[in-house]
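Report on the following structure.
Labels below follow one simple rule: chain letters A, B, ... track the order of the sequence lines, proteins then strands, and each chain is numbered from 1. This one's a predicted model, so the numbers in the text were calculated from it and none came from an experiment.
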Amino acid sequence: MSILINRDTKLITIGFTGKQGTYHSLQSRDYGTNFVGGVTPGKGGIVHEGFPVFNSIHEAVEKTDANAAMIFVPPPFAADSILECIDAELPLIVCITEGIPILDMVKVKSALKGSKSKMIGPNCPGIITPGECKIGIMPGHIHMPAQEGGKSVGVISRSGTLTYEAVYQLTEREIGQSTCVGIGGDPVGGLNFIDVLKLFEADPDTDAVIMIGEIGGSAEVDAGRWIKENMSKPVVSFIAGASAPPGKRMGHAGAIISGGDDTAEAKFRILEECGVAIARSPAELGQRLEEAIK
Amino acid sequence: MNIHEFQAKDLMKKFGIKVLGGQVANTVEEAVEAAKKLDSKVWVVKAQIHAGGRGKAGGVKVAKSLDEVKEHAANILGKVLVTHQTGPEGKEVKKLLIEEGCDIEHEYYVGLVLDRGTGKIFFMASSEGGVEIEKVAEETPEKIHKVAIDPAVGYTSYVGRRLGYAMGLKGDVLKKCNKFLEGLYNLYVESDCTAAEINPMVTTKDGEVLALDAKLNFDANALYRHKDIEDLRDLDEESEKEVEAAKYGLSYIELDGNIGCLVNGAGLAMATMDIIKLHGGEPANFLDVGGGATKETVEKAFTIILSDPNVKAILVNIFGGIMKCDIIAEGVLAAAKSVDLKVPLVVRLEGTNVAMGRKILDESDLKIITASDLKDAATKVCEAAKSQEA
């Protein structure tokens, strides 16, 4: 089993006919995802790479029965696309787009509340259930489904390439992954660490979790406190940015130390106090996880 | 993106926030002329740099005569101010704001920030203004009052009343404060701010509510819809290399160490710096080539890394997702040819098109130290840097 997506997920891409949209939609299809079509306003009615294109998300959902969307729309228009997905009551929205204005996401966050949609991202690699369904830009081949009789690990991360690093270390050790979720590097987004941890805790086929955080904000600390109270499965964590100077934005809009408990050091300390196994080095994630599930 | 105090005050005026009369000066002569134009007997000479804590560092002086304006302007212009926000190297003062004086009754703090967890905008206010607010928050947190504003609802009058009463204001001054806060909120959302701080906001002896200082920060991702604000950008205040890198879609931050890093993805770039430190090395930079890098941008990244004379070794750490390893490999080759690479180069490639990428590097005549994984890469680059220093 898995969380959020599986082999029954039906995917559409918003911004399908663009270069990135096309490339990654076909990559998802090749991985085995049940890809059913896409949306590009103004191009409705055409067939692109063998798939139908629609003018609106509502129409796409109606005609294809899609239950998940992957968004590749440029930043000025991306929030609008997310809002359209929410209005169309799509259960899962995965927004890959990087560089969306924060106040646009504030509106989206408000619209998500009480809606039928869950959102992953923005500014994220997406989500993958190895062997079943890939929604996003991650390289599929580094992942491994849970092996017969073997343990299975869930991965949550604010960073894309660092998620690949963690997954790679697991696969090298022949530890399978249930689902890997990149929640994105922006200050305001959809699902947070706790939301995803809850799903992993409830998933009977996830045995342990790797949580990768970074400097800035309090999401990791909040997650640590939640883990202490609620999580029965082992969690291994790495926080990126121990060497980052304060006040400098390290690439991600969300990765900036502004004082208090948002340094890597503080997060490591609090997570450790909450019973989370810490990997001080990003190269030790696989090893720590192996120790935790022994 | 940051802007100067005088620019922030111009913008605030448009939103109905009261500020004192002021003029910008780039020279001592201009400072005296500016003072003459202002209808005041007391002036404040204020250094304009993109950092707080200017007063303590000697960048803000009160003048009681035109001679004193001249004296202070001469002292402050060209001075390198070191504050808790500039870093040890400080910032050179190139501009002054000459402002009227006023009779202060009391100093307050007001600020707007985004709460990441809830996605709401928080108004913060305190009767303890004019001092470092971080200290107030730490020592007497009960003196900082907060109200969350739901962006779908926006500002309503009770927000101002709650904060105003909490700060001890009443009557006409409370009403004026409410107007002030409403203006600040509107400015925040209409201009895509990421932070707005007025420290201090003051009440005067004649019952006015004014912004004595102003610090506004804007969302770089939203500047496309605020051409007027983008025009306020002062490149003098930013690192030349970081600005140059940004033109190519590279996110670069210069650091003090000797190991240059070229990585894809912000998280992996930070983690690469971290692991270099864990292995006894010191990173010379943070550099994220991003997902859309081409051969040319990789070449540019090398040029920027090598423009730092401290760099004694370079680590290329790529985990290809959107970024393809073969493109990185071609960029590395092109860069090595064009910049005459003299320092050791450690390369670790993984992910999309990794076989093609490795083949390109193997078949070149470039001397490359290849690394099998992250730990191996860190160990090798730290050794390489050490051997160069020796």
With a 4.5 angstrom heavy-atom cut-off, is it the side chain or the backbone of [X] that approaches chain B, or both, or neither?
{"X": "A:Ala242", "result": "both"}
{"X": "A:Pro76", "result": "both"}
{"X": "A:Gln20", "result": "side chain"}
{"X": "A:Ser281", "result": "both"}
{"X": "A:Glu214", "result": "side chain"}

Residue among [options] with most heavy-atom pairs under 4.5 Å to chain A:
{"options": "B:Gly265, B:Ala271, B:Ser251", "answer": "B:Ala271"}
{"options": "B:Met270, B:Glu282, B:Lys277", "answer": "B:Met270"}
{"options": "B:Glu350, B:His279, B:Lys375, B:Met323", "answer": "B:Glu350"}
{"options": "B:Gly117, B:Ala152, B:Gly320", "answer": "B:Gly320"}

(request) Give, for atom CD1 of A:Ile135 and atom OG of A:Ser28, the distance between the pair rounded to the nearest 0.5 Å. (result)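 OG of A:Ser28 is found 7.0 Å from CD1 of A:Ile135.
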Which one, [options], leads in non-hydrogen pairs under 4.5 Å with chain B?
{"options": "A:Val188, A:Ile96, A:Leu103", "value": "A:Leu103"}
{"options": "A:Ile212, A:Val108, A:Leu162, A:Ile142", "value": "A:Leu162"}
{"options": "A:His141, A:Glu98, A:Met138", "value": "A:His141"}
{"options": "A:Gly99, A:Ser159, A:Pro75, A:Ala283", "value": "A:Gly99"}

Tell me, for [X] versus chain A, whether the close heavy atoms (under 4.5 Å) come from the side chain, the backbone, both or neither.
{"X": "B:Ile121", "value": "side chain"}
{"X": "B:Glu138", "value": "neither"}
{"X": "B:Thr118", "value": "backbone"}
{"X": "B:Asp376", "value": "neither"}
{"X": "B:Leu223", "value": "neither"}
{"X": "B:Leu255", "value": "side chain"}
{"X": "B:Asp274", "value": "both"}

(request) Give a yes/no verdict on a cation-pi contact between A:Arg280 and A:Phe268, requiring under 6.0 Å between NZ or CZ and the six-membered ring centre and an angle within 45° of the axis. (result)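 Satisfied, under 6.0 Å and within 45°.
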(message) Using a 6.0 Å distance limit plus a 45 degree cone around the ring axis, check whether B:Lys135 lies over the aromatic ring of B:Tyr109.
(response)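 Relative to the ring axis of B:Tyr109, which defines the angle, B:Lys135 lies outside at least one limit.
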(message) Is the distance between the ring centroids of B:Phe319 and A:Tyr168 under 6.0 Å?
(response)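 For A:Tyr168 and B:Phe319, the ring centres are under 6.0 Å apart.
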(request) Could you walk me through whether A:Ile93 and A:Ile86 pass the side-chain contact (heavy atoms from CB on, under 4.5 Å) test, one step at a time? (result) CA-CA 8 Å; A:Ile93 305 162; A:Ile86 297 171; 3.8 Å; yes
Say whether, by atom type as modelled, one donor and one acceptor occur between the side chain of [X] and the main chain of [Y] under 3.5 angstrom.
{"X": "A:Glu220", "Y": "A:Gly213", "result": "no"}
{"X": "A:Thr33", "Y": "A:Lys134", "result": "yes"}
{"X": "A:Ser25", "Y": "A:Thr13", "result": "no"}

(request) Please state whether the rings of A:His24 and A:Phe72 are parallel, tilted or perpendicular, taking 30° and 60° as the class boundaries. (result)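 Geometry flag for A:Phe72 against A:His24: parallel rings.
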(request) For A:Val209 and A:Ile156, run side-chain contact (heavy atoms from CB on, under 4.5 Å): C-alpha distance rounded to whole Å, both residues' side-chain angles, the deciding distance at 0.1 Å, then the answer. (result) CA-CA 8 Å; A:Val209 175; A:Ile156 331 167; 4.0 Å; yes
(request) Apply side-chain contact (heavy atoms from CB on, under 4.5 Å) to B:Phe218 and B:Asn2, showing your working. (result) CA-CA 6 Å; B:Phe218 301 91; B:Asn2 287 316; over 6 Å; no
(request) Check the pair A:Leu112 / A:Ser117 against side-chain contact (heavy atoms from CB on, under 4.5 Å), numbers first and verdict last. (result) CA-CA 7 Å; A:Leu112 278 168; A:Ser117 302; 4.2 Å; yes
